[in-house]
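The first residue of the sequence shown is numbered 1, and numbering continues consecutively from there.
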Amino acid sequence: MPGTPYALLAVAVTAGVHLALGRRTILSVGIGTAVYVALVDAL
C-alpha cells in the first residue's frame, strides 16, 4: 500500500502536535490531515 508510510507519519505528526499544543484536538487533527494530504499529493 503506497500511502501507509505517509499515514504513519501523519499520525506521528498529529500526536506530536496534540501533545505540544496542549491537547488542542481540532488543531492537531487539522495539521495531521494537512501533512497527509501534502505527502500524498507529492506522490
Query raised in the report: For the residue pair G32 and A10, what are the closest heavy atoms and their distance?
Result: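 What the structure gives for the nearest pair is O-CB, 3.6 Å.
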Report task. Consider only side-chain heavy atoms of I, L, V, M, F, W and Y, link residues closer than 4.5 Å, and tell whether V29 and L9 are in one cluster. Result ->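 V29 and L9: separate clusters.
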**Report entry** Joint cluster assignment, V11 & L21, ILVMFWY side-chain distance < 4.5 Å
**Finding:**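 Not linked; separate clusters.
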Query raised in the report: Are more than 12 heavy atoms from other residues, nucleotides or ligands located less than 6.0 Å from atom CD1 of I26?
Result: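 Not buried by this count: 12 neighbours or fewer within 6.0 Å.
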**Report entry** Partner of V37 under side-chain contact (heavy atoms from CB on, under 4.5 Å), chosen from L39, V40, D41, V35
**Finding:**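 Running side-chain contact (heavy atoms from CB on, under 4.5 Å) over L39, V40, D41, V35 with V37 returns exactly one hit, D41.
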**Report entry** Pairs satisfying side-chain hydrogen bond (donor to acceptor under 3.5 Å, both in side chains), at least one member in residues 7-32, at least two apart
**Finding:**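 For residues 7-32, and leaving out neighbouring residues, the side-chain hydrogen bond (donor to acceptor under 3.5 Å, both in side chains) pairs sorted by first residue read H18-S28.
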